[in-house]
Structures are given as structure tokens and as C-alpha cells.
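Structure, as C-alpha cells:
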Amino acid sequence: EHIETGSLMFLPGSQISDKPLKDISHLMNEPQKFALIKLDKIRGNACVSRRQIISSYKKEDKAKIISSYKVGQKVTGTCKGFTNFGAFFSIGDGAIDTLVHLMEISYQRISHPEEVLNVGDVKELVIIAIDNEKLQISTSIRQLSPDPFLEIDNYNINDSYKVKIVKILDFGFFAELKKGLTILIHSSEISHVKKNIVPKKVFSVGEEVTVKLINIDKEKKQIAGSIKSLQENPFVTFEKKFPVGTICDATVKASNEYALFVTVDNLDEIDCFLHQNDLSFKEKNDEEIKNYKKGQKIKVKVLEIQPDLNKVRVSHKATLKDPFDFFKNKKVND
């Protein structure tokens, strides 16, 4: 109700405040300012907004706060969230938010801020731009320090280094060769044998691991490392110990409708493939395969080893005497 005229005006729910209010009882019968946003003189209808008044006050407050900052000034910020193009930090005890663009987060080229930052991280920032019209402050993390990639010549490909894990993602993890100089170990470079490794289940932030430096891309400022390159491929070890043609004892590890998977000796991480056609001289090996249980011991002959493809194929049939050998010294009509 207008104080001077007593005329009633309508305040839409969306115009009450700049944030959702569950209860508006504290606003009832309180004299306060409203902005007239719609007026129909013929029908005598007036529409007002309290939200516009609040926003204008906040804009004035924000402008005042921003005017107290200068380009080149160092500030402390707390990471609030991410977008594809950068990270938002709150500064000035949370009074205002500032954007650190993706290119200003790290000297290393990254595709998303979460590769090197976590929500809640407290970082020192430097103000690099102030837009007084849009009321925005742009800041940088990387401009506070020299480019650590300039020291990459101190590191050699194929050498091993102890690194500290700083960020774990679905596709691998990032670790520091030195402060600010990060190296990526992709999931495919963790194990020779295990595929689809979930890094978060294997490693933890702060853990130290030894890696082999396998690639340096100076143009993209990217460094790649490997854990599996420090170990001999178990399939190469297998080939040295059990070359093609070797007959050895094996243990059934698992099976499906057309094959057995067996392990040989103590090389439990290698599942040797034994197709049902290499099981026996019987015609119905699809039925025969059901007779083999997990843990059962059988003799096998190594038929094929492909270390580059992580494959070993073996045969139980090749260890058995061929029943057809009975006819070797026979001829027709005997």
C-alpha cells in the first residue's frame, strides 16, 4: 500500500528478493522502498519490485568494493567452483568473486580447472584486470611465479624420478616433478596387465611414486610419465621362462562358454587363453568344457605368445596322445 495515497500495488513473488525466501512475515507492514516496474493508469493497476532496489544497492556496494582494488595487487582467494573456461575465487572475506581464466591457472596447458584445483583451495592471486562497467575483477595464479617449464632441460626422457601425486582423475593422475612442474601418468601407463584401472582406487593425493619420464612436449608444455615402463612386461618374462612349445602345469582360473583361462607357475597375473577346440580330441568340447572347475590342475602346451598384445594361448589337447595315431601304421583293407 502506497503510504501517501493509500493505493494498493501488486508485488510479484519473483520480485520480492534477489534470492528465494521461505518466509516473508518479517517484511509485512514494514515501510520500505519499491521500484515501479509496470503501471496501467486506465485500469488503475501498479506493479512494483523490491528485488530491483536490493540489486541496485548491491551494485553500488560492489562498485565501492571494486574501487578499492588495483591492477597488480596481490589478494588471497578461496576456490568456489569451476566452469570450462576457468575457476571462481571469493576474495575480500567473501565480499566479491573473481575469475581466474583457464590460461591463468597454470603454466601447464590444462583442459579443465579441476585437473589442478579443488573447491576450497586457498590460493594467492594477482589482479590482472578490473572492468568497472561490468564490475568484474580478473586474477591470475600463474603470473605470481616464473614458468617452471623453463627448467625442463634438467630432466631427461627415459630417466626415473620420484614424484608426489597432486591430483587424481578418472583417466590417470598428475604428480609434481618439482613445485609447479607437473607430469601426467595416464591410466594406460600404470600396469602392463591390468586394463581399465581406476586410479582413485590405487593411489592417493600426497603419495610418492617413482615414474619414468617418457615424453616431453615443449610446445604444449606437457610431460608424460609411466610406471609400467619401470617394470619388465610379465608377458616378456613368461616368454623367457616358457617359450612356445613348452609343456607345463597350469591351474584353471576361470571359464566361459567357449574357453578356459589358466595360470602357469607363479605368474598369476597372466591369464592364458585355452580355447575349447584345444581342450581334447573329442567332438563335443562345448560340453567337455563344463567338466573343468576353478582350481583344477591340468597340463598345457604353450602355442603362442604375443607380449605386445598381452596374450598367451595354450592347449591341453597338444599334451594328449592323438587317438588317430592308431592308424599311422595301418592301410586301407587292413
Side-chain angles (χ1 to χ4, degrees), residues 156-163 171-173 175 183 185-199 201-203 207-215 224-282 285-325:
N156 302 310
I157 289 178
N158 293 326
D159 281 358
S160 59
Y161 301 94
K162 186 167 275 191
V163 296
F171 59 84
F173 64 83
I183 181 170
I185 291 81
H186 193 273
S187 298
S188 60
E189 290 296 331
I190 293 174
S191 171
H192 284 288
V193 179
K194 294 177 183 176
K195 304 297 179 186
N196 305 317
I197 287 178
V198 180
K201 291 183 178 180
V202 184
F203 303 99
E207 182 180 349
E208 286 192 343
V209 292
T210 301
V211 301
K212 184 177 182 179
L213 204 161
I214 58 172
N215 187 50
S226 173
I227 290 177
K228 73 178 187 181
S229 294
L230 292 170
Q231 307 145 1
E232 185 177 65
N233 187 335
F235 288 87
V236 173
T237 306
F238 187 99
E239 190 172 33
K240 290 176 181 176
K241 197 168 184 180
F242 305 105
V244 171
T246 304
I247 294 176
C248 46
D249 294 321
T251 305
V252 177
K253 187 176 180 180
S255 65
N256 58 29
E257 66 275 12
Y258 63 88
L260 293 179
F261 297 93
V262 303
T263 57
V264 174
D265 200 41
N266 293 321
L267 300 172
D268 294 339
E269 55 191 333
I270 295 179
D271 294 341
C272 303
F273 180 78
L274 197 164
H275 192 272
Q276 63 181 23
N277 292 341
D278 287 312
L279 201 55
S280 75
F281 288 96
K282 295 178 182 179
N285 277 312
D286 54 339
E287 293 293 328
E288 180 73 12
I289 203 167
K290 296 175 184 177
N291 296 327
Y292 291 86
K293 307 297 179 188
K294 183 179 178 180
Q296 188 170 339
K297 306 289 185 183
I298 59 171
K299 280 202 177 297
V300 297
K301 184 176 184 178
V302 180
L303 299 183
E304 185 181 17
I305 304 171
Q306 294 177 285
D308 51 330
L309 298 176
N310 288 1
K311 287 184 179 180
V312 175
R313 190 164 65 90
V314 297
S315 169
H316 176 56
K317 177 180 177 179
T319 68
L320 305 174
K321 184 179 179 183
D322 187 346
F324 210 79
D325 286 350

Identify all side-chain donor-acceptor contacts of residues 294-309 below 3.5 Å with residues at least two apart in sequence or on another chain.
| from | atom 1 | to | atom 2 | distance (Å) |
| --- | --- | --- | --- | --- |
| Gln296 | OE1 | Lys293 | N | 3.0 |
| Lys297 | NZ | Thr251 | OG1 | 3.0 |
| Lys299 | NZ | Asp249 | OD1 | 2.9 |
| Glu304 | OE1 | Arg313 | NE | 3.3 |

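- Counting only heavy atoms from C-beta outward, the side chains of Ile270 and Thr263 never approach each other to under 4.5 Å.
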field: side chain to side chain contact (heavy atoms under 4.5 Å, CB included) assessment of Tyr161 paired with Asn156
entry: CA-CA 10 Å; Tyr161 301 94; Asn156 302 310; 4.1 Å; yes
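- Phe281 places a side-chain heavy atom less than 4.5 Å from the side chain of Lys317.
- With hydrogens and angles disregarded, a donor-acceptor distance shorter than 3.5 Å links the side chain of Asn310 to the backbone of His192.
- Here the shortest heavy-atom pairing between Gly172 and Ser187 reads N-OG, 3.3 Å.
- In this structure, Ile185 CD1 and Ile227 CD1 are separated by 6.5 Å, a value rounded to the nearest 0.5 Å.
- Looking at Lys253, its side chain does come within 3.5 Å of a backbone N or O of Asp268 through a donor-acceptor pair.
- Within the model, atoms OG of Ser255 and CZ of Phe261 stand 8.5 Å from one another, a figure rounded to the nearest 0.5 Å.
- Here the side chains of Asp159 and Leu213 are not in contact, with every heavy-atom distance at 4.5 Å or above.
- In this structure, the side chains of Lys228 and Ser191 stay at 4.5 Å or more apart for every pair of heavy atoms.
- One distance of note links CG of Leu230 with CD of Glu189; it measures 10.5 Å at 0.5 Å rounding.
- The shortest distance between side-chain heavy atoms of Lys162 and Thr210 falls below 4.5 Å.
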query: Should Phe273 and Val312 be marked as a side chain to side chain contact (heavy atoms under 4.5 Å, CB included) after you check the CA-CA gap, both sets of side-chain angles, and the distance that decides it?
result: CA-CA 6 Å; Phe273 180 78; Val312 175; over 6 Å; no
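- In terms of heavy atoms, Leu279 sits closest to Leu260 at CD1-CD1, 3.7 Å.
- The shortest heavy-atom contact between Val202 and Ile197 is CG2-CG2, 3.9 Å.
- Annotation: salt bridge (Lys or Arg N to Asp or Glu O under 4.0 Å) contacts of Lys282 (sequence neighbours excluded): Glu288.
- In this structure, CD on Glu269 lies 10.0 Å from CG on Asp271, to the nearest 0.5 angstrom.
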Using a 3.5 Å cut-off and no angle test, enumerate the donor-acceptor pairs between side-chain atoms of residues 238-247 and protein atoms at least two apart in sequence or in another chain.
| from | atom 1 | to | atom 2 | distance (Å) |
| --- | --- | --- | --- | --- |
| Lys240 | NZ | Glu232 | OE2 | 2.6 |
| Lys241 | NZ | Asp265 | OD2 | 2.5 |
| Thr246 | OG1 | Pro243 | O | 2.6 |

task: Apply side chain to side chain contact (heavy atoms under 4.5 Å, CB included) to Tyr292 and His316, showing your working.
output: CA-CA 12 Å; Tyr292 291 86; His316 176 56; 3.7 Å; yes
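- Here Phe203 contributes atom CZ and Glu208 contributes atom CD; the two are 13.5 Å apart, rounded to the nearest 0.5 Å.
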task: Verify side chain to side chain contact (heavy atoms under 4.5 Å, CB included) between Cys272 and Val264, making sure each step is shown before the conclusion.
output: CA-CA 8 Å; Cys272 303; Val264 174; 4.1 Å; yes
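- Within the 4.5 Å cutoff, no side-chain heavy atoms of Val211 are placed close to those of Ser226.
- Taking CG of Asn215 as the reference point, atom CD1 of Ile157 lies at 5.5 Å (rounded to 0.5 Å).
- Closest of all the heavy-atom pairs between Pro234 and Val193 is CG-CG2, 3.6 Å.
- Contact of the Ile183 side chain with the Val163 side chain is registered, since non-hydrogen atoms from C-beta on lie closer than 4.5 Å.
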